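All remarks here apply to the structure that follows.
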Amino acid sequence: MYICTNSNDRTMGSNVRVRFAPSPTGPLHIGGVRTALYNYLFAKKHGGDFLLRIEDTDQTRFVPGAEKYIVESLAWCGISPDEGIGGEDRGNGPYRQSERKAMYREYAERLLASDKAYIAFDSADELDVMRQMAKEAGAANWQYNYITRGNMKNSLTLPKEEVEAKMAAGEPYVVRIKLPRDHEVRFEDNIRGWVSVNTNNMDDKVLFKADGMPTYHLANIVDDHLMGITHVIRGEEWLPSAPLHVMLYEAFEWSCPEFAHLPLLLKPDGPGKLSKRDGDRLGFPVFPIDWKNEQTGESANGYREFGFYPDAFINMLALLGWNPGTEQEIFDLAELITAFDLSKVSKSGAKFDFEKGKWFNQNYLRGLSQNQLASELKRELDNSGLTYKEEFLGKIASMMSERATFSKDLMTEGMFLFQAPVEYDEKTRKKKWRQESAQMMQDLVNRFVDLKDFTEGPVEEAFKNYLSENDLGFGKVGPSFRLAVTGKGMGPSMFVICEVLGKEEVIERIKKAIRVLG
RNA sequence: GGCCCGUUCGUCUAGCGGUCCAGGACGCCGCCCUUUCACGGCGGAAACACGGGUUCGAUUCCCGUACGGGUCACCA
């Protein structure tokens with residue numbers, strides 16, 4: 001039996017080193033961002049290092065711009081690598097596997113020399129045929145393993161001379177791990193506890209490809225070892241290959257890092273893990289920032305551009321699969337670092353809930369000061385090319401903030417403050433605009449004309465005086481007043497709106513409403 | 001299908017043998033505040049997948065079943 005041999009508690013001291021190792025095959029999914037976040041939180045919590053390494057061993061899947069996207073996404077989230085891509089070079093580089101290509105062959109050969117691996121000449125096509133035949137015969141999954149390898153073209157079955165001749169002739173070959181038969185591979189996952197798999201159920205995975213590049217499995221183990229990684233924190237989709245990785249550490253006679261396999265982010269509705277399609281289908285982003293593949297034209301929407309604040313986004317992701325064990329839900333990055341604990345990460349997948357995500361953003365927005373809200377609003381207005389009075393920005397921002405989830409709502413929810421209504425809400429018009437409304441509005445105009453100070457207080461006073469002097473209820477005049485000035489049936493206090501709009505504008509709007517609504 | 005992992009309100013989750021006729025949050029519903037909307041306050045409906053054990057006692061431990069997920073490439 002092989003048991004992962006790792007030293008007991010590596011969170012002590014300041015030697016924790018973790019890495020986020022994405023493959024640059026496209027934009028980074030929010031699940032990936034969460035993995036990076038957990039790695040980062042764990043490292044910072046223990047005073048360790050967070051490295052960013054690019055796993056680009058598959059030349060065929062390289063997507064230009066993807067690496068830059070990854071770095072920019074993490075930066076937006078406030079996750080900064082201590083070392084590696086986007087961080088410092090501390091002598092453990094290069095940090096792109098494609099640039100480390102030369103060193104992997106040596107490790108493959110080491111395994112070959114110690115009989116932990118072997119050379120195989122079977123082509124990908126030949127293997128496909130084997131799999132296909134097995135499938136048609138109704139057999140279980142065909143595997144290249146301790147049973148089948150005896151019938152394949154490899155250095156275990158072929159005479160030594162023939163193997164050498166083939167290699168000399170330049171025939172393509174791969175290096176496969178030689179798994180021992182019937183051994184229980186065990187390792188203790190920091191989230192799941194003991195995980196155990198028998199090598200009889202595993203296959204002799206390719207470690208080194210015919211194109212001269214290592215596979216993920218080899219490169220990953222070699223790099224983690226060389227870079228001194230102490231904790232491997234990654235998605236659950238890696239759990240099935242973790243035993244193979246343990247066997248590789250074993251074969252190299254290296255000690256294993258600690259493992260922690262994170263639960264997956266699942267679709268909000270149906271079964272399966274969250275995908276780009278779900279975002280398109282359900283109308284929410286699945287990526288941190290906007291993405292555009294210049295070659296294919298493929299694009300995707302991001303949280304940043306959707307209007308999320310990085311803190312809110314991070315807060316939302318952190319709570320998806322982890323909780324502090326208390327009732328606190330609102331955290332900034334620093335608080336997350338102190339509260340984070342791998343043992344509090346849940347085991348089961350989390351269905352993604354965009355509604356809750358919006359709540360985090362709304363919550364964050366409410367925490368902003370009036371000045372901050374004002375500058376958010378100003379930015380939105382400037383982007384839209386709308387005109388506004390600078391001195392009212394703060395007032396408008398705080399007035400609109402209670403009905404805003406995103407910065408853009410500060411503006412869009414109060415559009416009538418920047419543009420005169422072009423149409424009037426039909427429902428309100430039918431229910432509230434009566435025969436006598438036009439006359440009432442005219443009466444109000446007459447009173448407003450004489451008002452010297454057209455601020456909230458005086459406007460309210462004038463309005464209420466009109467009501468009491470004519471024995472009218474608020475409900476008789478208020479709604480049509482609002483309709484006339486804003487075109488809407490609901491919204492913030494009319495008196496504040498009047499102050500912001502100014503006397504001339506209010507009077508003009510009422511007059512127009514009288515003409516249009518009759 | 002094989003292997004691995006998982007299973008508490010609709011959703012995210014608390015719970016690490018008695019404190020649980022199960023707590024919080026989002027969402028939903030109602031009431032109050034406001035002669036509008038929103039905010040806020042208060043309240044409500046809503047869950048331990050099932051079956052066996054172990055135990056004086058299981059949401060909590062073990063085993064099955066069911067269901068869900070992941071993975072089975074010279075991709076990561």
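All values below come from the heavy atoms of this structure, side chains included, with hydrogens, waters and symmetry mates left out. Just so it is clear, the structure is predicted and the values come from calculations on it, not from any experiment. Below, chains carry the letters A, B, ... as their sequence lines are ordered, and counting in each starts from 1.
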Span that lies between the [atom1] atom of [M] and that of [N], in whole angstrom:
N	M	atom1	result
B:G18	B:C61	P	11 Å
B:G10	B:C28	P	16 Å
B:U8	B:C3	C1'	28 Å
B:C9	B:U71	P	25 Å
B:C32	B:G51	P	44 Å
B:A45	B:G2	C1'	44 Å
B:C74	B:G53	C1'	49 Å
B:G41	B:A25	P	10 Å

### Task
Take A:A404 and A:Y173, find for each the nucleotide of RNA chain B with the closest heavy atom, and name the residue whose nucleotide sits nearer the 5' end.
A:A404
### Pairwise 5' ranking along RNA chain B for A:E327 and A:H217, keeping only the more 5' one
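Going by which nucleotide is closer to the 5' end, it is A:E327.
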Let's test this: given Watson-Crick or G-U wobble pairing with both distances under 3.5 Å, identify the partner of [N].
N	value
B:A45	none
B:G6	B:C67
B:G1	B:C72
B:C56	B:G18
B:A25	B:U11

Nearest to the side chain of [X], which nucleotide is it out of [options]?
X	options	answer
A:L264	B:U36, B:C5, B:G70	B:G70
A:L239	B:C12, B:C5, B:A25	B:C5
A:V197	B:G40, B:C75, B:C3	B:C3
A:D353	B:A76, B:U8, B:C26	B:C26
A:R366	B:G40, B:C75, B:G69	B:G40
A:K347	B:G6, B:C74, B:U13	B:G6
A:M490	B:U36, B:C5, B:C72	B:U36
A:E355	B:G70, B:C74, B:C26	B:C26
A:K209	B:G24, B:C4, B:A76	B:A76

### Message
Holding to salt bridge (charged side-chain N to carboxylate O under 4.0 Å, His left out), I want the full list of residues that pass it with A:K178, two or more places apart in sequence or in another chain.
### Response
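Listed in chain order: A:D115.
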Checking [Y] against [X]: is there a side-chain donor and acceptor pair closer than 3.5 Å?
X	Y	answer
A:W291	A:E298	yes
A:T148	A:N151	no
A:S196	A:E184	yes

Over how many whole Å does the gap from [X] atom [atom1] to [N] atom [atom2] extend?
X	N	atom1	atom2	result
A:F463	B:U35	CZ	P	12 Å
A:K351	B:U8	NZ	P	10 Å
A:E402	B:C39	CD	C1'	5 Å
A:F187	B:C3	CZ	P	17 Å
A:L319	B:G24	CG	P	17 Å
A:I330	B:C12	CD1	C1'	13 Å
A:K205	B:C3	NZ	C1'	11 Å
A:W238	B:G70	CH2	C1'	12 Å

### Query
Distance from A:K432 atom NZ to A:L517 atom CG, nearest 0.5 Å?
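A:K432 NZ to A:L517 CG: 15.0 Å, rounded to 0.5 Å.
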### Message
Once rounded to the nearest 0.5 Å, what's the spacing between atom OG of A:S241 and atom CG of A:L248?
### Response
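Reported to 0.5 Å precision, the distance equals 10.5 Å.
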OP1, OP2 of [N] versus side-chain N and O of [X]: anything below 4.0 Å?
X	N	result
A:K135	B:G1	no
A:T57	B:A76	yes
A:K344	B:G15	yes
A:R234	B:U71	no
A:S346	B:U13	yes
A:N201	B:G2	no
A:R176	B:C74	yes

For a quick check of understanding: with a heavy-atom distance under 4.0 Å over all strands, which category does [X] fall into, base, sugar-phosphate or nothing?
X	value
A:G138	nothing
A:G272	sugar-phosphate
A:D269	nothing
A:G478	nothing
A:S241	nothing
A:N141	base
A:V206	sugar-phosphate
A:K273	sugar-phosphate
A:A210	base

### Query
So do A:Y104 and A:D223 actually touch side chain to side chain, heavy atoms under 4.5 Å?
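Counting from C-beta outward, A:D223 and A:Y104 do come under 4.5 Å.
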### Query
Are the side chains of A:Y309 and A:F406 in touch, meaning some heavy atoms are under 4.5 Å apart?
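Sidechains of A:F406 and A:Y309: no contact.
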### Query
Can you name the nearest heavy-atom pair linking A:H29 to A:L274, along with the distance?
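What the structure gives for the nearest pair is NE2-O, 3.0 Å.
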### Task
Confirm from the modelled atom types if A:R192 and B:C5 form a donor-acceptor pair under 3.5 Å, side chain to base only.
no
### Task
Hey, can you tell me if A:W238 and A:H245 have their rings parallel, tilted or perpendicular (30° and 60° cut-offs)?
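Taking A:H245 first and then A:W238, their aromatic rings sit tilted (interplane angle of 30° to 60°).
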